[in-house]
Protein chains: 2
Amino acid sequence: MGEQSIENQDSELVVECSIEKVLDVIGSKWSFLILRELFCGVKRFSELQRAIQGVSPKALTDALRHLEKHDIVIRTVYPTVPVKVEYSLTEKGQDLHTIIKEMKYWGAKWG
Amino acid sequence: MGEQSIENQDSELVVECSIEKVLDVIGSKWSFLILRELFCGVKRFSELQRAIQGVSPKALTDALRHLEKHDIVIRTVYPTVPVKVEYSLTEKGQDLHTIIKEMKYWGAKWG
DNA sequence: CAGCATCCAAAACGATACTG
DNA sequence: CAGTATCGTTTTGGATGCTG
């Protein structure tokens, strides 16, 4: 409590509280849903778009870039024609599984 | 995957996926921080405002009302002068502790 | 103390159209 | 396929001032 937030040279928030860190790294509601999908395995852009109902390409791209920047997902491009892009989780990202699993439990219990 | 979202008679989203349920119930970033505080025990409005740095009275009220509506927190008013209001967690709210705890672990490990 | 009301700025998001 | 670009709407939330 009483955590401090300061800005670094990139004008990005440097958050001291652990919970804020997680929220900052995940970023948005969409990211949770992306994670939910990627825990099941590697997915392509269009697969994510289909699985996460209601997400626009823009929102999906934004969320994926955010997660990539925070070292949660890896973007792999295969130079085929047409291009194939796959998204997978880093170890840091895999480690979020416990949180998402707990959320699933809670949702199943109280939803 | 492929969860459906429909609207009920109150035009509120009825979400089928467990994770979406949790996100819907919690509602916002502020709610996570409110929960963080309330797991430590009952808190008053002003205590929450002081503990959660950067939150405006409006944002705090909004988040508390939201959590109240979803049966996560209880608002108790003591008719003293001046008024005293305490916020505490319901059992449903207490049950979110595992999630927040996992978030703390992750934040401590990777932050 | 514990808010509510108002106003306004910024950010998030949806729809749509287009590209390498 | 995997996006980007643009536009407009919605949501969010900060600032401020007021009240029982």
(request) Grab the NE2-P distance between A:His66 and C:dA11 for me, whole Å please. (result) 15 Å

(request) Provide, to the nearest angstrom, the distance between the CD atom belonging to A:Gln49 and the C1' atom belonging to C:dG14. (result) 12 Å

(request) If a protein heavy atom is under 4.0 Å from the base, mark B; if only from the sugar-phosphate, S; if neither, -; do that for nucleotides 11-20 of chain D going 5' to 3'. (result) --BBB-----

(request) Work out how much the helix from C:dC1-D:dG20 to C:dG20-D:dC1 bends between its end axes, five pairs an end, to the nearest 10 degrees. (result) 60°

(message) Categorize A:Tyr87 for me: base, sugar-phosphate, or nothing, with a 4.0 angstrom heavy-atom threshold over every strand shown.
(response) sugar-phosphate

(request) Not counting sequence neighbours, which residues clear side-chain contact (heavy atoms from CB on, under 4.5 Å) with B:Val83? List them please. (result) B:Val77, B:Val85

(message) Within the structure provided, determine whether A:Leu35 and A:Ile72 are in side-chain contact (heavy-atom separation under 4.5 Å).
(response) yes

(message) Just the rounded figure in Å: distance from C1' of C:dA12 to CG of A:Asp24.
(response) 16 Å

Would you list the atom pairs, donor with acceptor, under 3.5 Å between side chains in residues 56-66 of chain B and any protein atom, with sequence neighbours excluded?
unit_1: B:Ser56; atom_1: OG; unit_2: B:Ala59; atom_2: N; d: 3.2
unit_1: B:Lys58; atom_1: NZ; unit_2: B:Asp62; atom_2: OD2; d: 3.3
unit_1: B:Thr61; atom_1: OG1; unit_2: B:Pro57; atom_2: O; d: 2.7
unit_1: B:His66; atom_1: NE2; unit_2: B:Asp24; atom_2: O; d: 2.9
unit_1: B:His66; atom_1: NE2; unit_2: B:Val25; atom_2: O; d: 3.1

(message) In terms of relative ring orientation, are B:Phe32 and A:Phe32 parallel, tilted or perpendicular, with 30° and 60° separating the classes?
(response) parallel

(request) Take atom CD1 of A:Ile34 and atom P of D:dG3, then tell me their distance rounded to the nearest Å. (result) 11 Å

(request) First locate atom CD1 of A:Ile34, then atom CD1 of A:Ile52, and finally report the distance between them rounded to the nearest 0.5 Å. (result) 5.0 Å

(message) Rounded to whole Å, please give me the gap between NZ in B:Lys43 and P in C:dG3.
(response) 16 Å

(message) Just N and O in the side chain of A:Arg75: are any of them under 4.0 Å from OP1 or OP2 of D:dA2?
(response) no

(request) Quick one: list whatever passes side-chain contact (heavy atoms from CB on, under 4.5 Å) with A:Lys101, sequence neighbours left out. (result) A:His97, A:Tyr105

(request) Take the protein atom CD of B:Glu86 and the nucleotide atom P of C:dG3, then report the distance between them rounded to whole Å. (result) 12 Å

(request) For the side chain of B:Phe45, starting at C-beta, report the closest nucleotide among C:dA2, C:dC4, D:dA2. (result) C:dA2

(request) Measure the distance from CG on A:Leu60 to P on C:dC13 and round it to the nearest whole Å. (result) 12 Å

(message) At less than 4.0 Å, is any side-chain N or O atom of A:Arg44 found next to OP1 or OP2 of D:dA2? Yes or no.
(response) yes

(request) Would you please name every residue forming a side-chain hydrogen bond (donor to acceptor under 3.5 Å, both in side chains) with B:Arg44, sequence neighbours left out? (result) none

(request) Measure the spacing between NZ of B:Lys92 and NE2 of B:His70 and express it to the nearest 0.5 Å. (result) 8.0 Å

(message) When you measure from the side-chain N and O atoms of B:Arg65 to the phosphate of C:dG3, is any distance below 4.0 Å, counting only OP1 and OP2?
(response) yes

(request) Return the value, rounded to whole Å, for the distance between atom NZ of A:Lys84 and atom P of D:dA2. (result) 9 Å

(message) I'd like to check A:Met103 versus B:Met103 (side-chain heavy atoms, cut-off strictly below 4.5 Å). Are they in contact?
(response) no

